[in-house]
Every structure is written in C-alpha cells, then in structure tokens.
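Here is the structure we will look at, set down as structure tokens.
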Protein chains: 2
Amino acid sequence: MTTIKDIARVAGVSVTTVSRALNGYDDVNEATRRKIMQVAKDLNYSPNILARGLVMNKSKTIGLLVSGLNRQSAKDHFTFEVLSGINECVSEKDYDLVLFSTNSTKQREKTYSQLCRERRVDGVILSGIKTDDPYLQEVVDSDIPCILIDIPILTDTVGYVTTDNVLGAKKAVDHLIRLGHRHIGMINGHNLAFVSERRLEGYKESLNSAGLTFNPDWVVNGDYNEDTAREEAVKLLTLYPEITAIFCASDLMALGVLKAAKQLDRNLPEQLSVAGYDDIQLASYASPPLTTVSQDKFQLGYQAATMLIQMLEGSGQPHALILETQLIERESAMKR
Amino acid sequence: MTTIKDIARVAGVSVTTVSRALNGYDDVNEATRRKIMQVAKDLNYSPNILARGLVMNKSKTIGLLVSGLNRQSAKDHFTFEVLSGINECVSEKDYDLVLFSTNSTKQREKTYSQLCRERRVDGVILSGIKTDDPYLQEVVDSDIPCILIDIPILTDTVGYVTTDNVLGAKKAVDHLIRLGHRHIGMINGHNLAFVSERRLEGYKESLNSAGLTFNPDWVVNGDYNEDTAREEAVKLLTLYPEITAIFCASDLMALGVLKAAKQLDRNLPEQLSVAGYDDIQLASYASPPLTTVSQDKFQLGYQAATMLIQMLEGSGQPHALILETQLIERESAMKR
DNA sequence: TTGAAAGCGCTAACAG
DNA sequence: CTGTTAGCGCTTTCAA
C-alpha cells in the first residue's frame, strides 16, 4: 500500500511537501504540486484516514445509534427512511456513517459514550431511542456532539430535529371533528416516547377547541404495535360503542384498528372512521386507504445530519428544528 | 481523553504492560493486571481504535456499498432488510459497519477500492449493484475481501450469497401452470441484473417442462419499477389478449401489473392471474394479496456478513451460498 | 513478568 | 516555498 513516504521518495521531496500538496495548501510550488499529484496517481495512492484521524483527532465519521434496526421492526420503515436521509447528507458532505446498534446484548454492555469514543466518531445521531433508555441520559452528560431525532433536548452539545407532533395530531383530530365526529377515541403508543405525549396533547387541544370534553377512558396505549393496537381497539370499541372515530398515533396501529373493526363487523369507513400518523408506505395500500398525518422521514434524517455537521464544523450552537406535517385525506375517515 | 500512557503512569507500570493486560495476554502478573484494569475503569478509558487500526493494519470494520439507499428506492425495502441482517451479524461479531453510498456524484469519482482502502475496511459487502457498474469489475481485480449479494462471482477474494432464482421463478410459473394457465407472460426487470437472467431462465424451464412453447414477445422489461411495469403490462395485455397470467420478476412490478389490469378493466384474479417475486411487505396488503416467491432478505444479509467475517478471520476461502425461496400462495392467482 | 524503543502513516509547528 | 522534527495512541519485537 502506497504511503506519502513512497510518494516523497519518488517525487524527490519531503513528506511534508507531499502532505501539503495533497491537501491543497497553497504554499506549494505549482510545478512541485503537479509532480506530486502525478506520482500519487501513478502509485495509486489512497490516504490512510486512520492515520490522519489519529493525528487530527477527528475521523470525519458520524455514528448512527438506532434501536429500530432489526428483523421485527422491518414493518414500519421509519428508521430506514431516516437512515436514507442521513446517508444522503453525509455522503454529500464527504463524511462516513457508521452504524451502531443497540440490539445485541453484547453492545449493551458498552455505554453510549464508549461506543462513540472507541470509534472516534465526530458526532452521533440517535433515533428510535426510548425516553427511559440509559443511553439517553449519557448523551446529555457526555460532550460528544449529538442530534436527537424526536426527542426535544437542547444543551451545549445536543440538538434535535422532530416534527410538530402537537399540530400534526391536531390536524388529524380536527379533520375527524370537521367530518362530524363527536366521540373520538385515541390509540396512543406508549409512555416512553416524547411523540406520544405530544400527539396526545394535540388530540386534547383539538377536542378542546371544538368544545368537546376529553375523556381519558377513550385513550389507550397500543405500544406502536399493530397487534396490540388491534386488541386494545376491540376492547375500546366494545366498552364504548358510542365511539365513531379513532385517531391513532401511528399508521401501524391504525392498521391494527382496521383489523379490529373487521373483527367486530364494523364497516369502514361507514361505521368507524380512522386516522393514522406517519404516512407509511402501507397506508395508501390499506383498505380503505388510510387518512393520516404525513411526516417527511427522509427529511428528518437529512436535516439531522445537516445540523450535526454544522455543529461539527464550528458554525454555531446546536439547535432545534421542527418540521411541518401534512394531513393526507384518504378513505378511512368519512362524514357521519 | 484517557490513553494507555495515563493508565501506565497512574498504575506505575509501562505502556507495554498496560497494553498486554488490557488485551488479555497471559504473560502479565495477575496482581498487576487487576491493578491496571481497575485504573482503566477509574479513568474511564476507551481504546482508540484508530491508533490500534493504524498499527495492526486492520480496522475491525466492514464496509457496505449499496446503490439502493436513496429516497426513490424507499418503496422496495429490499436493501433495508439486507442491511438489518448484516447489521445483526456484524454487531454479534463485534465489528462495525460503515456505509458507503454510490448515489452522490462526488463519491462516484472515487473508485471502489479507493473507498475501501481509505477507510481501511477489512472487507466489504456489495448489494444492489448493476452488472455494468464499473465498481464491479474493480472488485474482481482488487484484493479486498468481498461478498456480493445476488451476483455470482467467485474468486480468491470474492464470494457471494444469493437465492435460487431459477428455481424460485420456476416455482411461481409452475404454480400458474398448475392453475391451468397456458398463456403466461413475464415482466422481467432489466438486463443489468443477474437475477433477471436467472428468473427468466426459470420461467423458460417451467414452460418447457410443461410442454409449453416459449414466446419471447410475451416477455418485457419493467425495469424493476412499478410504473414502467404498469405501462409495459398495458401494452403487453393489449397486444396479446390471450395472455391469462403474468409472472413478474418483482413484487413492485406485480403491483404495477395490478394497476394495469384495473386500467384495462380486467378483474383480478378472475380475468388475469399475477405472481410476483420477493414477498415484500406490500405484497400481502395488495388487493388482491399477491401470490409471490418469498426470499429471506434478512438472511441474505446475515449470511453475507457471516461469510465475510469468516474469510477475514482466516477460516478458509470465499465461497458461495444459495438460499432457498418459498412460494407464497395468496389470491392474485387463481384457477381458470 | 516487565520495560525500552521502534514504528504504523499522517499532520503541524518551526526554522530556514 | 520546502525540510526537519515531533508526536497522535497503540502494538510489538527484543532484551532484561
């Protein structure tokens, strides 16, 4: 493997000069530079970025720490789209992306910052982490630049990007109300996600501004899981037959509600309106196609990476970015 | 950041001893080792793997080079599931995964081996690469250990894992024939994928062993794209109304055919049977649910990583692995 | 069982 | 504009 030493020898200059020429410094004679470039090409040189990282104390690498990257979670491709967005940005900016995963018990033994420091990543993006995850606290404490997806924490070294979940939920519930529904249930996710909290708040706000009273019994947790949501929906609809519409904190759970309705012989959307959240790919293929709140997952990732690299390259403080959502009206909700 | 030097100082030994103790060599006094371990923990030490990589000349990192990781390709989550499988294996074996992506024009300027050598990855997995991709030739030439997904090339340093595409296609077409179809068209992908070739071959074999003649006019390319497939299917079905069943080289294209049928007012499955390939998530949600050939994408990734790490750790030659597929009978194909 | 010393490939003062 | 020198954090002979 060719090194700058080899180039120096062949070109008849010192390694310093080679380094400078290769890195585009302008204090190199143009002829010398050309010569060096030529030799580098001839020798098929590639820089050893481990060596460079070692001396510069940065690796031009960002880490991605996710929990949603395993066989089970394949159905809801949220993580994947976020990843695509991150990847896009990172490759434009000439960084590399290394994937940490928290699913293996082995890795679990390592702390968050150990993971990052060992790999010498310059910064890290966290996604799909629950609020009780021990990693999360470490983030706030550690001094590694970090962007959180969907967790609103802002410190000297951590920023976040998320969508406007309150408004998003409000859009969906407003829509149901506009369609004439007065008895609207909600299937929320679980209590370990900030987004659940926010979406619940949006639901309440919407009811409130329409003069409807909030009934806590009409809100149940479906754990962001299709089947749990189905079970919970069956219970809910059986217990409170007056409910004519359900807002779900995720499309996956809305799919579960669709199944619950079928199970209870309630026709959709005539006898039950359903709205979801996320606009996952499946949403438009469900029958009936799901009315939902779309969030741009790719953009979530893209912006997270952009923000992180901005922090890394010194242009300022970490900050927060809140993306818009969009109500997608399809056929799972109708006028009553 | 703590280094072994710090540990050495505090523990009152030399860096050599620290290194040996930390790496579990047995020529260290047990008391010394305990002391060192304790100091390391106290100082919250994490090894600098860049430095280690530099001297050992390996990075415990494997690269993933894919082309299917961008906004457009999100629909068919093949790449994502492969990635999950790779990630699972890699984290079990305590390697890290770095993502290269070929979508940025910038990266395009770098050759395959440059990418790998710069990052000092120990080996690389390629997926979603077309057969005319310039990277591909480089693989064969370079000496970097490499596993290809779905490209059957076997050399000293490159192995592959794929599924039995001939048999898979045969299963689907056999099924259509068994249902009584005699006029079976095929929507293939494009000519730049080995799998297309193989699936076509399976189609031919199936026809052949049923005594049906192969008609090249009944085979068109849909470019693995839903909409192209739809267009091509419309043309095909208009030109050859005698066709009663279509085998598609991917589910995504089968979805396109479903749309084409709707467009032509042909009821599915009564007036047209369709079989797909892949068993993507959407397949079971389509209406009618898609009869298809399932391949275990997670396993594809998992096995590729396993094989690569095996090669890396010296236990033998690269080799080939061919996974089974499974016919999934749903409702898009019926007896005639 | 331990330590001194060399060196992996690179960048960065500093001096000329 | 160019070279000398030191050193990033680690592993690994070699010698004690």
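Order of the sequence lines sets the chain letters (A, B, ...), proteins ahead of strands, with each chain counted from 1. FYI, side chains are in, hydrogens and waters are out, and symmetry mates aren't considered; it's all heavy atoms of this structure. Just so we're clear, the structure is a prediction, and the values are computed from it rather than from any experiment.
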Would you kindly give the [atom1]-to-[atom2] distance between [X] and [N], to the nearest whole Å?
X: Asn57(A); N: dC10(C); atom1: CG; atom2: P; result: 18 Å
X: Asn23(B); N: dT12(D); atom1: CG; atom2: C1'; result: 11 Å
X: Leu54(B); N: dC10(C); atom1: CG; atom2: C1'; result: 8 Å
X: Lys58(B); N: dG9(C); atom1: NZ; atom2: P; result: 16 Å
X: Arg52(A); N: dC10(C); atom1: CZ; atom2: C1'; result: 8 Å
X: Arg20(B); N: dA4(C); atom1: CZ; atom2: P; result: 12 Å
X: Ile49(B); N: dT11(D); atom1: CD1; atom2: P; result: 11 Å
X: Met56(B); N: dC8(D); atom1: CE; atom2: P; result: 21 Å

Check: Arg120(B) side chain, dG9(C) base, donor-acceptor under 3.5 Å: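 No such pair is found, so the answer is no.
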What nucleotide among [options] has an atom nearest to a side-chain atom of [X]?
X: Pro47(B); options: dT1(C), dC10(D), dG3(D); result: dC10(D)
X: Thr3(B); options: dC10(D), dA13(C), dT11(D); result: dC10(D)
X: Val28(B); options: dG9(C), dC14(C), dT2(C); result: dT2(C)
X: Asn29(B); options: dC10(C), dT1(C), dG3(C); result: dT1(C)
X: Thr16(B); options: dG3(C), dG9(C), dC10(D); result: dG3(C)
X: Ile4(A); options: dG3(D), dT11(C), dC10(D); result: dT11(C)

Please compare Val15(B) and Val13(A) by the position of their nearest nucleotide in DNA chain D and report the one closer to 5'.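 Residue closer to the 5' terminus by nearest nucleotide: Val13(A).
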Point-to-point distance, once rounded to the nearest 0.5 Å, from CD1 of Ile151(B) to CG of Leu126(B):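 Ile151(B) CD1 to Leu126(B) CG: 7.0 Å, rounded to 0.5 Å.
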Can you list the steps and then say if Asp133(B) with Lys130(B) is a salt bridge (charged side-chain N to carboxylate O under 4.0 Å, His left out)? CA-CA 5 Å; Asp133(B) 193 303; Lys130(B) 291 188 179 179; over 6 Å; no
Quiz question: by atom type and distance under 3.5 Å, do the side chains of Ser19(A) and Thr16(A) form a donor-acceptor pair?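 No, because no side-chain N or O of Ser19(A) sits under 3.5 Å from a partner of the opposite role on Thr16(A).
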Could you verify whether a donor N or O on one side chain and an acceptor N or O on the other, from Ser46(B) and Gln114(A), lie under 3.5 Å apart?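 The criterion, which ignores hydrogens and geometry beyond distance, is not satisfied for Gln114(A) and Ser46(B).
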Parallel under 30°, tilted from 30 to 60°, perpendicular over 60°: which one fits the rings of His77(A) and Phe80(A)?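 Judged by the thresholds at 30° and 60°, the geometry between His77(A) and Phe80(A) is perpendicular.
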In terms of ring plane angle, is the pair His190(A) and Tyr224(A) parallel, tilted or perpendicular, where the classes change at 30° and 60°?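 His190(A) vs Tyr224(A) ring planes: perpendicular.
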Tell me whether the side-chain N/O atoms of [X] come closer than 4.0 Å to OP1 or OP2 in [N].
X: Tyr25(B); N: dT12(D); value: yes
X: Ser19(A); N: dT11(C); value: yes
X: Thr17(A); N: dG3(D); value: yes
X: Lys5(A); N: dG7(C); value: no

Remember a base hit wins even if backbone is also touched, and classify Asn48(A) as base, sugar-phosphate or nothing at under 4.0 Å, heavy atoms.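 Result for Asn48(A) = sugar-phosphate.
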Using a 4.0 Å heavy-atom cut-off, does Asp27(B) contact any base of the nucleic acid, only the sugar-phosphate backbone, or nothing at all?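 Base: the residue Asp27(B), judged by heavy atoms under 4.0 Å, touches a nucleobase.
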Could you pick out which residue, Gly12(B) or Ala51(B), lies toward the 5' side of DNA chain C when each is mapped onto its nearest nucleotide?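 By nearest-heavy-atom nucleotide position, the 5'-most residue is Gly12(B).
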